[in-house]
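Throughout, protein chains are lettered first and strands after them, A, B, ... in sequence-line order, and every chain is numbered starting at 1.
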There are 2 protein chains.
Amino acid sequence: MRILVADCTVDYDGRLNAHLPMATRLVMVKADGCVAIHADGGAYKPLNWMNAPNHLVEEDGRWIVTNPKGETLTITFGEVHFETAMDMGEDPGLQKDGVELELQRLLAETPEVMEPGLVLIRREFPTPVGPVDLLCRDADGGSVAVEVKRRGEIDGVEQLTRYLEFLNRDERLAPVRGLFVAQMVKPQARTLAEDRNIGWVEVDYDELRGVDSPMLKLF
Amino acid sequence: MRILVADCTVDYDGRLNAHLPMATRLVMVKADGCVAIHADGGAYKPLNWMNAPNHLVEEDGRWIVTNPKGETLTITFGEVHFETAMDMGEDPGLQKDGVELELQRLLAETPEVMEPGLVLIRREFPTPVGPVDLLCRDADGGSVAVEVKRRGEIDGVEQLTRYLEFLNRDERLAPVRGLFVAQMVKPQARTLAEDRNIGWVEVDYDELRGVDSPMLKLF
DNA sequence: AGTTCCATGTCGCGG
DNA sequence: CCGCGACGTGGAACT
């Protein structure tokens, strides 16, 4: 990794045009070649950047970075206050835990938290337009397609609508109704779901982990 | 801005749990307090971070960063290879040019470039599922809902379809037809639009700026 | 390579 | 402050 702190102007010419006036900034070049220009504030996102793969040409006081799509990033340097470079080796990478899949797993284990009497038939039930998160049967023996999201927004309702369209053509399942499940369902998504006769439920992730815990299995 | 290159492990506990094993990384603390841990690769996104506002506690070889939501980021340091800090001053900020809003503004001023005889009724016309970019009236007095995108893709057609669904229930407007406008409309979006009897038009941004320029207002 | 969908998305605007 | 949608979204999984 190479790090500079320098006065510079920056111009990006690609999907849009952007210009940064002269100021002191941090310029970071990673081992994979990606370039990022950071101001001293404004979250982790750089003001400007160019991802790998790209080609960097160093001229006299100016860098021109070009990517295969023909986008360019031009850095024109004033005073360079500081510069260093170092080898950091390979990174062992990030271990994550607790995203949407986990929520789906928990709900698959305890479908009744979504609706009393609900029983799981299959997870990731395939349709021509992608797999339905959970396919269930309700207390009356009817089929229910469940779409699980961490945050329930309009896209999710659209997705579920597409699944239902196909599932309802399968005479062994039809009629299939939809159930939209998320930690939070946004108002516009509620409106759209209700308008399409799709049910929606909010579930609490922490509570669900509690219900799922070995403790309660004792009872 | 404060910069360290150090061996460290990192743990994030918040919306999810994430762990980084010991390795050499760049730790950046900006003037607004936000913290980012970068590996030597993998685009501009840091492996782990904590945005401002937050509270940083430095213990012996360990930093604990907490934000108001109760999320924590814990950095445990091994060897520190390098450390520096510097004042970079206020950043004058980014100037952008060419985004969707500008395109919408230009089209609102000259609706006839989308279709001869088209007249603007309102920008950002509200519906229960979000505002329609432009609501217009055509040469025959019919209502036209216009969705403007920089790049015309399938989700834009979906969006317009949802608007039309609701607008057509308003008897003062119905029937309302759709018009999908973008600098470039992708083949799949064209197909879907045509399938739903939604019109699509490609407009040239530079040309539009020309039409809109004071120069031509002289004629 | 193209498409779909998630993300600790982030960011900015309007109510 | 919340709601909502755009983003140079980026990135991963899958076709």
**Student:** For the residue pair A/R62 and A/T74, confirm or rule out a side-chain donor-acceptor distance under 3.5 Å.
**Tutor:**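 No - no donor-acceptor pair under 3.5 Å links their side chains.
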
**Student:** Rounded to whole Å, how long is the line connecting atom CG of B/L94 with atom P of D/dT9?
**Tutor:**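 So the two atoms are 14 Å apart, to the nearest Å.
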
**Student:** Going by side-chain contact (heavy atoms from CB on, under 4.5 Å), name the residues that satisfy it together with A/A193, two or more places apart in sequence or in a different chain.
**Tutor:**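 For A/A193 the side-chain contact (heavy atoms from CB on, under 4.5 Å) partners, ignoring immediate neighbours, are A/V157, A/I198, A/W200.
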
**Student:** Return the value, rounded to whole Å, for the distance between atom NZ of A/K69 and atom C1' of D/dT9.
**Tutor:**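 Atom-to-atom, A/K69 to D/dT9, this comes out as 11 Å.
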
**Student:** Consider only side-chain N and O atoms of B/Q159 and B/K149, and report whether a donor and an acceptor are under 3.5 Å apart.
**Tutor:**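 Result is yes, a qualifying pair exists.
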
**Student:** For D/dG8 and C/dC5, measure between their P atoms and round to the nearest Å.
**Tutor:**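 Roughly 23 Å separates the two P atoms.
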
**Student:** Give every pair of a protein N or O atom and an N or O atom of nucleotides 3-5 of chain D that lie under 3.5 Å apart, one pair per line with the distance.
**Tutor:**
{"from": "D/dG5", "atom 1": "OP1", "to": "A/Q188", "atom 2": "OE1", "distance (Å)": "2.6"}
{"from": "D/dG5", "atom 1": "OP1", "to": "B/V129", "atom 2": "O", "distance (Å)": "3.4"}
{"from": "D/dG5", "atom 1": "OP2", "to": "A/Q188", "atom 2": "OE1", "distance (Å)": "3.2"}

**Student:** Who are the side-chain contact (heavy atoms from CB on, under 4.5 Å) partners of A/D7, not counting sequence neighbours?
**Tutor:**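 Once residues adjacent in sequence are excluded, the partners of A/D7 under the side-chain contact (heavy atoms from CB on, under 4.5 Å) criterion are A/M22, A/T24, A/E79, A/H81.
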
**Student:** List every contact pair, protein side and nucleotides 9-13 of chain C side both N or O, where the distance is under 3.5 Å.
**Tutor:**
{"from": "C/dG9", "atom 1": "OP1", "to": "B/R15", "atom 2": "NH1", "distance (Å)": "2.9"}
{"from": "C/dG9", "atom 1": "OP2", "to": "A/R150", "atom 2": "NH1", "distance (Å)": "3.0"}
{"from": "C/dG9", "atom 1": "OP2", "to": "A/R150", "atom 2": "NH2", "distance (Å)": "2.2"}
{"from": "C/dT10", "atom 1": "OP1", "to": "B/W49", "atom 2": "NE1", "distance (Å)": "3.0"}
{"from": "C/dC11", "atom 1": "OP1", "to": "A/G42", "atom 2": "O", "distance (Å)": "3.3"}

**Student:** Is any side-chain heavy atom of B/H55 closer than 4.5 Å to one of B/P68?
**Tutor:**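 No. Closest side-chain heavy atoms not under 4.5 Å.
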
**Student:** Go through the structure and list residues passing side-chain hydrogen bond (donor to acceptor under 3.5 Å, both in side chains) with B/E202, not counting sequence neighbours.
**Tutor:**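 For B/E202, the residues satisfying side-chain hydrogen bond (donor to acceptor under 3.5 Å, both in side chains) (neighbours in sequence not counted) are B/R190.
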
**Student:** May I have the list of side-chain donor-acceptor pairs in residues 32-39 of chain B shorter than 3.5 Å, sequence neighbours left out?
**Tutor:**
{"from": "B/D32", "atom 1": "OD1", "to": "B/C34", "atom 2": "N", "distance (Å)": "3.1"}
{"from": "B/D32", "atom 1": "OD2", "to": "A/G42", "atom 2": "N", "distance (Å)": "2.9"}
{"from": "B/H38", "atom 1": "ND1", "to": "A/K30", "atom 2": "NZ", "distance (Å)": "3.1"}

**Student:** Between A/E153 and A/Q188, is there a side-chain donor-acceptor contact under 3.5 Å, judged purely by atom types and distance?
**Tutor:**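 There is no such pair between these side chains.
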
**Student:** Assign A/D155 to base, sugar-phosphate, or nothing according to its heavy-atom contacts below 4.0 angstrom with the strands shown.
**Tutor:**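 No contact.
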
**Student:** Work out how far the C1' atom of C/dT8 is from that of D/dC14, and round it to whole angstrom.
**Tutor:**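 Between the two C1' atoms, the distance is 24 Å.
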
**Student:** For A/L16 and D/dC7, what is the distance between atoms CG and C1' respectively, to the nearest whole Å?
**Tutor:**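 In whole Å, D/dC7 C1' and A/L16 CG are 9 Å from each other.
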
